[in-house]
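Comments concern the structure below.
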Amino acid sequence: MLSQTAGAATSGHSRLVPSRIAILFAATDPAMTVKTRFAPSPTGYLHIGGVRTALFSWLYARHHGGRFVLRIEDTDRERSTEESIEAILTGMAWVGLDWDEGPVRQTERFARYAEVAESMLRAGTAYRCYCSREELDAMRAAQVARGENPRYDGRCRERRAPVPGVSPVLRLRSPGTGSVVVRDLVHGDVPFDNAGLDDLILVRSDGVPTFHFGVVVDDADMGITHVIRGDDHLTNTPRQIHILQALGMPVPVYAHLPMILGPDGARLSKRHGAVNVLEYREQGYLPEALLNYLVRLGWAHGDQELFTREEMIRLFDIADVNAAAARFNPEKLAWLNQQYIQRGDREQLAGQFAAHLARRAIAVQGGPPLAAVVDAYRERAVTLDDLAQASRYLFVEPVPLDEKAARQHLKPAIAPALERLRERFAALGGWQRQDLHEAVATVAADCGLGFGKLGQPLRVAITGGTVSPPIDVTLELVGRERTAARLAQALAHIAAYGA
RNA sequence: GCUCCCUUCGUCUAGCGGUCCAGGACGCGGCCCUCUCAAGGCUGAAACAUGGGUUCGAUUCCCAUAGGGAGCGCCA
């Protein structure tokens, strides 16, 4: 029933019936096993927009208990690279989007494309075109000059004899009249006039299939039921349907997702910040936070903001996807990441945190347990890299004294109190935050100071700066030895510069 | 130029004809909490692009206009 296309769909009723309902019906046919795919071209890193597309495709398959295929569209031999394929696989693995089939490379399937091309030539649904690029360019230029649309005029359609010395391309003999309807789960039925669609190239003169041809043959061969991709492909879709029809192959249901724009509304690019998924890993974002952010771009489930992977799978419905483009908002991503850091499992976070410390060449030996650091900092770190930077003083010796902080808080007047603190700490039996808090409170009271009046100089002394977790927690993390040493250092500093 | 898509607070969105002088979230302002920074709680400002229809009634349906976006390659 999916093979019904132009003929039936254009018969008139599709504009009157609420099309999304009609299509949904087809898409949820229980007899059909859902199969989706993500088909990036390996011409660079895995883009954040690509991840969103992959996510929706993956979610749709998982939600319906279907299959998800990863296909590498590497027919552009000039620009495709092995490194890009690696980057895509690494990126997918990092965000945890797993596939059931593939990765299939189109370059492995050339024999199949040739076979299909041959059959089209025999059937007359495609023909050889011997036009040179120069000829085509001239033709288009002339059309534009005349105020017409640039399109191939079909001059080789009825050609019989080959042109000596020219290797031809293969072109689709497209209908030219009538119309096609793209059945789309997010846009509804979108009709296109065939007159606006020219004879596109299926196979290049070097025998390599073009994007449109490869996509169509692959999707059909792999039994893809739902093509979920960016809506920059929407106007390409009628042409792909023509190929499918020429082949007598079933037409899938489409879902063209709105694009992700940069914060300024322009197409998302490097100048907006990170667009490569792996850069987010480097910056200390959690994959689940990134996915949570991405799924909310164009999709919502009431007022819910936080979704576990399982909830996303259970709740996701392509019918709830918005048709309008969304802007990428780094602040909200940051907020989400913080939410995930706040709620995450301490041991698991500690594991990822370790990688960021290592990346900054911070050795953890002699420092506090990482899980304890995570607990102390989870409410004040937006990313794991923030955490690594902010907690550096817990691991690295010596700790640099912030000049301004020292000037403000390490004054001669506070020296006696710090001295008493040092004695008190030395006499302490345990080194738990409760004992430490009490010690600081007692000394402060004895010196006639408020807790904060002593706490802040102490903080500067043991961390080098004015910002850290609560002072008792900080002391506990810094540890007995290092606290003693740093207090002594601070006292020496006051003696030397204090006057 | 032609074709197609899109249009609710600054941003992401809820809303599927009356429940909306429009709800939530990020961000922003204020207050509270407080040893710093955060986190948290309370609170405030902030939107249905415009014009026509349809209807007893439009944010919701239809049509224009305007403004965004995409496509029109031997790129994908």
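Rounded to an integer number of Å, the gap from A:H212 NE2 to B:C72 P is 7 Å. Across the protein-nucleic acid pair, A:D232 atom CG and B:A76 atom C1' stand 9 Å apart, rounded to whole Å. Atom C1' of nucleotide B:A76 and atom NE2 of A:H47 are separated by 14 Å, given to the nearest angstrom. The nearest whole Å value for the distance from the CD1 atom in A:I260 to the P atom in B:U11 is 16 Å. The nearest whole Å value for the distance from the OH atom in A:Y127 to the P atom in B:C74 is 12 Å. Nucleotide B:G71 holds its P atom 13 Å from the CZ atom of A:R239, rounded to whole Å. Rounded to whole angstrom, the span from the CZ atom of A:R459 across to the C1' atom of B:A38 amounts to 11 Å. Atom P of nucleotide B:C26 and atom CG of A:L333 are separated by 14 Å, given to the nearest angstrom.
Note on A:R79: every side-chain N or O is 4.0 Å or more away from OP1 and OP2 of B:A76. Residue A:T235 has no polar side-chain atom (N or O) positioned under 4.0 Å from OP1 or OP2 of B:C5. Regarding contacts with the backbone of B:G40, a side-chain N or O of A:Q339 is found under 4.0 angstrom from either OP1 or OP2. Using a 4.0 Å cut-off, some side-chain N or O of A:H187 falls inside it from OP1 or OP2 of B:C6.
Across B:A58 and B:G15, the matching C1' atoms stand 13 Å from one another, rounded to whole Å. Spacing between B:A38 and B:U34 at atom C1', rounded to whole Å, works out to 11 Å. A distance of about 12 Å separates the P atoms of B:U3 and B:U65, rounded to the whole Å. The gap from the C1' atom of B:U43 to that of B:C33 amounts to 15 Å, rounded to the nearest Å. As rounded to the nearest Å, B:C31 and B:G71 have P atoms that lie 49 Å from one another. Comparing the same atom, P, in B:C74 and in B:U50 gives a spacing of 43 Å after rounding to whole Å. Nucleotides B:C61 and B:C48 have their C1' atoms positioned 15 Å apart, rounded to a whole Å. B:G44 and B:G24 are spaced 10 Å apart, taking the P atom of each and rounding to whole Å.
In this structure, A:H187 and A:H256 have tilted ring planes: the angle between them lies in the 30° to 60° band. The aromatic rings of A:F328 and A:Y293 stand perpendicular to each other, their planes meeting at an angle above 60°, with 30° marking the opposite boundary.
A:V69 places a side-chain heavy atom less than 4.5 Å from the side chain of A:I224. Side-chain contact check for A:P191 versus A:S179: every heavy-atom pair is 4.5 Å or farther apart.
Taking a 6.0 Å sphere around CZ of A:R128, one finds it holds 12 or fewer heavy atoms contributed by other residues, nucleotides or ligands. No more than 12 heavy-atom neighbours from other residues, nucleotides or ligands sit within 6.0 angstrom of CZ on A:R392.
Picking from B:C4, B:C26, B:A70 the nucleotide with the shortest atom distance to the side chain of A:L234 gives B:C4. Of the candidates B:C37, B:C6, B:C26, B:C6 carries the atom nearest the A:A324 side chain, counting heavy atoms from C-beta on. With distances taken from any side-chain atom of A:A323 to the nucleotides B:G73, B:A76, B:C6, the minimum falls on B:C6. Residue A:R133 places its side chain closer to B:C74 than to any other of B:C35, B:C74, B:A70. Nearest nucleotide to the A:Q338 side chain, out of B:C35, B:C12, B:A39: B:A39. Ranking B:U36, B:G73, B:C26 by closeness to the A:E331 side chain, first place goes to B:C26. Side-chain proximity of A:T466 to the nucleotides B:C35, B:A76, B:U36 is greatest for B:U36. Considering only the side chain of A:N236, B:C72 comes nearest among B:C74, B:C72, B:C37. Minimum atom distance to the side chain of A:L136 is reached by B:C74, of the listed B:U13, B:C74, B:G71. Closest to the A:R327 side chain, of the nucleotides B:C12, B:C5, B:C74, is B:C12.
Both A:R151 and A:K453 lie close to RNA chain B; mapped to their nearest nucleotides by heavy-atom distance, the more 5′-ward contact belongs to A:K453. Two residues, A:R52 and A:G455, neighbour RNA chain B, and the one matched to the more 5' nucleotide by heavy-atom proximity is A:R52.
Residue contacts shown for A:P469 include a base, since a base heavy atom lies under 4.0 Å away. Residue A:G465 is classed as having no contact, given no heavy-atom separation below 4.0 Å to the nucleic acid. Residue contacts for A:E78: at a heavy-atom cut-off of 4.0 Å it reaches no nucleic acid atom on any strand shown. Within the 4.0 angstrom heavy-atom criterion, no nucleotide atom of any strand lies near A:R378. At the heavy-atom level, A:F192 lies under 4.0 Å from the strands shown only through sugar-phosphate atoms. A:G452 comes within 4.0 angstrom of the backbone, heavy atoms only, and of no base. Heavy atoms of A:T75 sit under 4.0 angstrom from primed sugar atoms or phosphate atoms, though from no base atom. Base engagement by A:H233 is indicated by at least one non-hydrogen atom pair under 4.0 Å involving a base atom. Backbone-only engagement by A:N322 is indicated by non-hydrogen atom pairs under 4.0 Å involving sugar-phosphate atoms exclusively.
Aromatic rings of A:H437 and A:F451 (six-membered ring for Trp) have centroids within the 6.0 Å cut-off, being under it. Between A:F56 and A:F316, the distance from one ring center to the other falls under 6.0 angstrom.
Contact between A:F213 and A:L202 at its shortest, heavy atoms only, is CB-O, 3.3 Å. Shortest non-hydrogen contact noted between A:I260 and A:L268 is O-CB, 3.5 Å. The two residues A:R482 and A:L394 come nearest to each other via the heavy atoms NH1-O, 2.8 Å.
Base pairing of B:C26: its partner is B:G10, meeting the Watson-Crick or G-U wobble criterion (both donor-acceptor distances under 3.5 Å). Nucleotide B:A46 has no partner under the Watson-Crick or G-U criteria, as no pair reaches both atom distances under 3.5 Å. When both distances must be under 3.5 Å, the Watson-Crick or G-U wobble mate of B:G40 is B:C32. Using the Watson-Crick or G-U wobble rule with both distances under 3.5 Å, B:C2 pairs with B:G71. When both distances must be under 3.5 Å, the Watson-Crick or G-U wobble mate of B:C61 is B:G53.
One donor-acceptor pair, N or O on each side, does fall under 3.5 Å between the base of B:C37 and the side chain of A:R380.
For the side-chain contact (heavy atoms from CB on, under 4.5 Å) with A:L257, the qualifying choice from A:V321, A:N322, A:D231 is A:V321, the only one to do so.
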Could you encode protein contacts along nucleotides 19-25 of chain B as a string, one character per nucleotide from 5' to 3', using B for base contact, S for sugar-phosphate-only contact and - for no contact, with a heavy-atom cut-off of under 4.0 Å? ----BBB
